[in-house]
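Input: a single structure, listed below in structure tokens.
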There are 2 protein chains.
Amino acid sequence: MAEVAKYVGVSAMTVSRAFRQDASVSEETRKRIMEAVDALGYVLDLSAGSLSSRRSGFIAALVPSINNSNFSDTARGITDALENTGLQLLLGYTDYSAEKEEKLIEAMLRRRPEGVILTGGSHTDRARRMLDKAGIPVVETWELPEEPINHVVGFSNSEAMSLLVRTLASQGYRKFGYIGGTTARDTRGSQRRSGFLKTVEELGLGPGRAISFGVPPITMEQGGQAIVSLLERWPDTEVVLCVSDLSAFGAIMECKRRGMSVPGDIAVAGFGDYEISSICHPSITTINVDCYGIGRQAAARLLDALQGSGEATGDEITLTGYRVVLRESTDRSGAS
Amino acid sequence: MAEVAKYVGVSAMTVSRAFRQDASVSEETRKRIMEAVDALGYVLDLSAGSLSSRRSGFIAALVPSINNSNFSDTARGITDALENTGLQLLLGYTDYSAEKEEKLIEAMLRRRPEGVILTGGSHTDRARRMLDKAGIPVVETWELPEEPINHVVGFSNSEAMSLLVRTLASQGYRKFGYIGGTTARDTRGSQRRSGFLKTVEELGLGPGRAISFGVPPITMEQGGQAIVSLLERWPDTEVVLCVSDLSAFGAIMECKRRGMSVPGDIAVAGFGDYEISSICHPSITTINVDCYGIGRQAAARLLDALQGSGEATGDEITLTGYRVVLRESTDRSGAS
DNA sequence: AGGCAGGATGATATCGATAACAAGTTGGAA
DNA sequence: TTCCAACTTGTTATCGATATCATCCTGCCT
């Protein structure tokens, strides 16, 4: 920077100011500085700047898996919301592990992010302490934690699944099956499962028929294996709800491979409204979640908190919408 | 850090050394320091450290889209390869735009990354100049650029597609169609297309029948629309190759929706070997690409370059493998 | 005893920007 | 004419760590 300053014949401070929009530098000087910057190929060094201004310009975000398009949509929402704010996203993925999350949180905090976005509300004690000590806004997303750290942007996975059960029950389905994991690792999955079981019970539709598969991340293949087990055990099942569209897709394809008709022989529904579900034949009934919006809103809450940092408005909960999308895979007229 | 130092009764320098493994600090002192760190909840500030050590600890990586599982696999490969190296990934996505890439490169360089990983070989002049000036190792991935900046980890998309055409031709297919974009934005897509056209020509199978769809990112829906156009225009097409499994999947589902059998009435193949292709019914013939390996190797090349920074071994090209995966969607016995 | 290698620790300057305050200019109001 | 506001620019200290060199100690070799 000193080099640029000398080249133009001003002080380094003036060059520094020229890089910010608000600073008072005459238009002419700024132009000359920018020409020099271009000529010299100078690139601003933010790490030095962030040290003195105590603003790193980072936002840290942790998602369970980057390969899951629901979460990458959220990441995209965050990035888009951060555009032109001068903030940059530091993205990490936890592999659905609270221990890995803890390590990542520590690694992220070493970069002094101005805010943190997490997925879910299940964290190690140490992670909570570190976040607390950091004194920066934290947003938990994708679910409604019982003990929120700070802000929350999400929805009740349990109620969303419940809504799907009720909707399908109102269409006449009675014998419900469920496919999904049980591990504590995927808390959203567990919540969906318990929402399913609770609602089936409430509707007086007997104990729910639930099959588990291995640990997250959810794969399509698991869905195929699971529906086979489920139908072996409870052959008269009418409709199978899956923790995710990915497993629903796997389940449907496996059925077709075995010559069964969906929804003729068995109806299937998913969760998440992935692109695949609207394209698949039969198209898949699912819960649409505003993944992108979760990201945008989480970032927006963070930006709010950073702006009016004076008066913390307390822990806010921003509910994001979801809706049942009925498609061919649960169509009672039974085409396909 | 000064706080920790005072608490333990040593100098800040000793605390700093305790955080690195190689430094000479007595085991006992280190233990006391770490206890203090724990007690005080101190978290190391890397931004300060990187300023004085001139090592940011960042690796920048740009991918066209984070929602595409091929690229997120690559990102995962990079992250995994970087584990325990003390380097952190700064991830950005360019939306298939060279202009956005240029902006991102500038934003990344402001963080003084120690290396950069790019997707493809198509960059703006200014981007090239900035990277040049930065004097850090650069790895271009996923294709073989005509004018590499520095290192390359990838494969020839054109030859891979050519291999697929030849393989299918050897199975007796004669009338080849192709679905994919033409825009310069997706250079890998263009290369696959030209590989297709060239090979069909070489095999004496008449001019290739190619349909284009809109701009990237590739969607499943585009595949469905495209195959309809293609079959309207050339109804006797026997096999359709798609720029990506995603469009192949869309195409297949659209065919089934219209009552056509795949591969009975029309065979379809994709590119990329996404999870969906092995699960889908019919399973989809495709080219398997080592997405994860591209990431790992790109990171490995970068680490090599950072280690032996003394003698630049010049621009190296690391070829990554690909292979044809024949599946049901092009099975000549024509089940399904 | 003297000397020296080698391990452990401390003191100081420094990385490259920005915060905070100081100071020079210009133009218009009193 | 005088003075002050508003704008522009410069000076100095500082952010929090690390590089580098200096220092101190211990123990062993000659």
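Note on naming: letters A, B, ... go to the chains in the order of the sequence lines (proteins, then strands), and numbering restarts at 1 for each one. We use all heavy atoms of the structure for the numbers below, so side chains are in, but hydrogens, waters and symmetry mates are not.
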- Query: Any side-chain N or O of T29(B) under 4.0 Å from OP1/OP2 of dT9(C)?
  - Reply: yes
- For S26(B) and dT9(C), is the shortest distance between a side-chain N/O and OP1 or OP2 below 4.0 Å? yes
Rounded to whole Å, please give me the gap between [atom1] in [X] and [atom2] in [N].
| X | N | atom1 | atom2 | value |
| --- | --- | --- | --- | --- |
| E28(A) | dT25(C) | CD | P | 17 Å |
| K31(A) | dT8(D) | NZ | C1' | 18 Å |
| R110(A) | dG16(D) | CZ | P | 17 Å |
| K6(A) | dG10(D) | NZ | C1' | 17 Å |
| F19(B) | dG16(D) | CZ | C1' | 13 Å |
| R30(B) | dT9(C) | CZ | P | 10 Å |

- Which of residues 129-137 of chain B sit near DNA chain D, with a heavy atom under 4.0 Å from it? none
- Message: Between M13(B) and R112(B), which residue's closest nucleotide on DNA chain C lies nearer the 5′ terminus?
- Response: M13(B)
- Should L306(B) and L87(B) count as side-chain neighbours, where that means a heavy-atom distance under 4.5 Å? yes
- Quick one: are I33(B) and R30(B) in side-chain contact, heavy atoms under 4.5 Å? no
- Message: Given the structure, check if the side chain of R17(B) and the base of dG10(C) hold any donor-acceptor pair shorter than 3.5 Å.
- Response: yes
- Should the heavy atoms of other residues, nucleotides or ligands under 6.0 Å from CD of E3(A) be counted, would the total exceed 12? no
- Give a yes or no on whether K100(B) atom NZ has more than 12 heavy-atom contacts from other residues, nucleotides or ligands under 6.0 Å away. yes
- Just grab all the salt bridge (charged side-chain N to carboxylate O under 4.0 Å, His left out) pairs involving residues 54-65 of chain B, residues at least two apart or on different chains. R55(B)-E114(B)
- Between R32(B) and E28(B), does at least one N-O distance fall below 4.0 Å, as a salt bridge requires? yes
- Message: Any residue in residues 50-57 of chain A with a heavy atom nearer than 4.0 angstrom to DNA chain C? Just list them by number, or reply none.
- Response: L51(A), S52(A), S53(A)
- For DNA chain C, which residues in residues 32-48 of chain B have a heavy atom at a distance below 4.0 Å? none
- Give a yes or no on whether the backbone of N70(A) and the side-chain of N68(A) come within a donor-acceptor separation of less than 3.5 Å. yes
- Item | Criterion side-chain hydrogen bond (donor to acceptor under 3.5 Å, both in side chains) on T318(A) and Q297(A), from CA distance to verdict | CA-CA 8 Å; T318(A) 306; Q297(A) 296 213 52; 4.9 Å; no
- Task: Please identify each residue that fulfils ring pair (Phe, Tyr, Trp, His ring centres under 6.0 Å) with Y96(A), with sequence neighbours left out.
- Result: none
- Query: Can you list every pair that meets ring pair (Phe, Tyr, Trp, His ring centres under 6.0 Å) and has a residue in residues 47-78 of chain A, with sequence neighbours left out?
  - Reply: F58(A)-F58(B), F71(A)-W142(A)
- Message: Which residue is it: R128(B), E101(B), R129(B)? I am looking for the one with a side-chain hydrogen bond (donor to acceptor under 3.5 Å, both in side chains) to H123(B).
- Response: E101(B)
